[in-house]
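Start at 1 and go down the list; that is how both ligands and their atoms are numbered.
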Amino acid sequence: MRKKIVAGNWKMNMTPSQGAILVTDITRQLVKDLDVQIVICPPYTSIDRVARVIRETKWVFCGAQDCHVQLSGAFTGDISAAMLQEMGVRYVILGHSERRKYYHEDDILVAEKIKTAIGEGIRPIYCCGEELQERETNQQFEVVEMQIETALFGLSPEQMSEVVIAYEPVWAIGTGKTATPGQAQEMHEFIRGMIAEKFGDDIASKLSILYGGSCKPENAHELFSQPDIDGGLIGGASLDADAFVKIIQSF
Ligand code: PGA
């Protein structure tokens, strides 16, 4: 009914030549006609090499890790969605907790970036999730509700149909601590419920909601077996071809 997606977020890892080797290794191990869409999100400088390898496969897509809110202009050091689109990028991660933490991005800005990306034909993977202290004080639902309302509720239904959501509890990212399948399912169900209330059941039932945060071969199967978990956004484990392929095969 809805797309299963496994996306690899390479973060600031992999030079162009290293990235080409890794993506070749991944695609070689995968069987064709998988029921899962695979998205590889290299750093900007490795996109071209990765996209060239992927182009021959048709079932693996290239993603980016961010884009600017404007399409062009005097923004030294930035990259626009139009530039990414021309390079073959079909997905873009937006609102990742590391962008929020190190670049002070908030959901008001991310909401605009989402519209810009969709306008260029790039599907946003919108990241949301609470911090440890918010989880410890049981505020996780309030926090995620506010993030989703601010980032997504200004979209039209057509725009919302292009969005993929990644629930990434900040305390689980790169820490080795994973949300339990129950904790993740509970939040994914909550998010789908919010989207259904605002945009209707049809859009909500087709929405892919990925889990991210220390997802690895050992826990992927149990996470992906939950009814509202439609795949994963994988950081560390996506840098190892065997581990990443095992995660994909967990479906
Ligand atoms: P991790 O990162 O898998 O290394 O925890 C996930 C992410 O940041 O998207």
Expected output: side-chain S214 to main-chain T178 donor-acceptor under 3.5 Å: no

Under 3.5 Å: donor-acceptor pair, side chain of Y44, backbone of D66: yes

With heavy atoms of [X] as the reference, note each atom of ligand 1 found under 4.0 Å away.
| X | answer |
| --- | --- |
| N9 | 9 (O) |
| G174 | 1 (P), 4 (O), 5 (O) |
| G236 | 1 (P), 3 (O), 4 (O) |

Has [X] got any heavy atom lying under 4.0 angstrom from an atom of ligand 1?
| X | result |
| --- | --- |
| S214 | yes |
| A172 | yes |
| G213 | yes |
| H96 | yes |

K11 N/O to ligand 1 N/O under 3.5 Å: yes

Q147 versus D107, side-chain donor and acceptor atoms under 3.5 Å: no

Aromatic ring pairing F190/F141, orientation class (parallel under 30°, perpendicular over 60°, tilted between): perpendicular

Distance from atom 7 (C) of ligand 1 to nearest protein heavy atom, with residue and atom: E168 OE2, 3.2 Å

Shortest protein contact, atom 3 (O) of ligand 1 (heavy atom only): G235 N, 2.9 Å

Test: K115 and E112 ion pair at under 4.0 Å: yes

Carboxylate-amine/guanidinium contact K206 D230, below 4.0 Å: no

Audit row: W171, E136, side chain to side chain donor-acceptor pair (under 3.5 Å) steps and yes/no: CA-CA 10 Å; W171 48 271; E136 282 172 350; over 6 Å; no

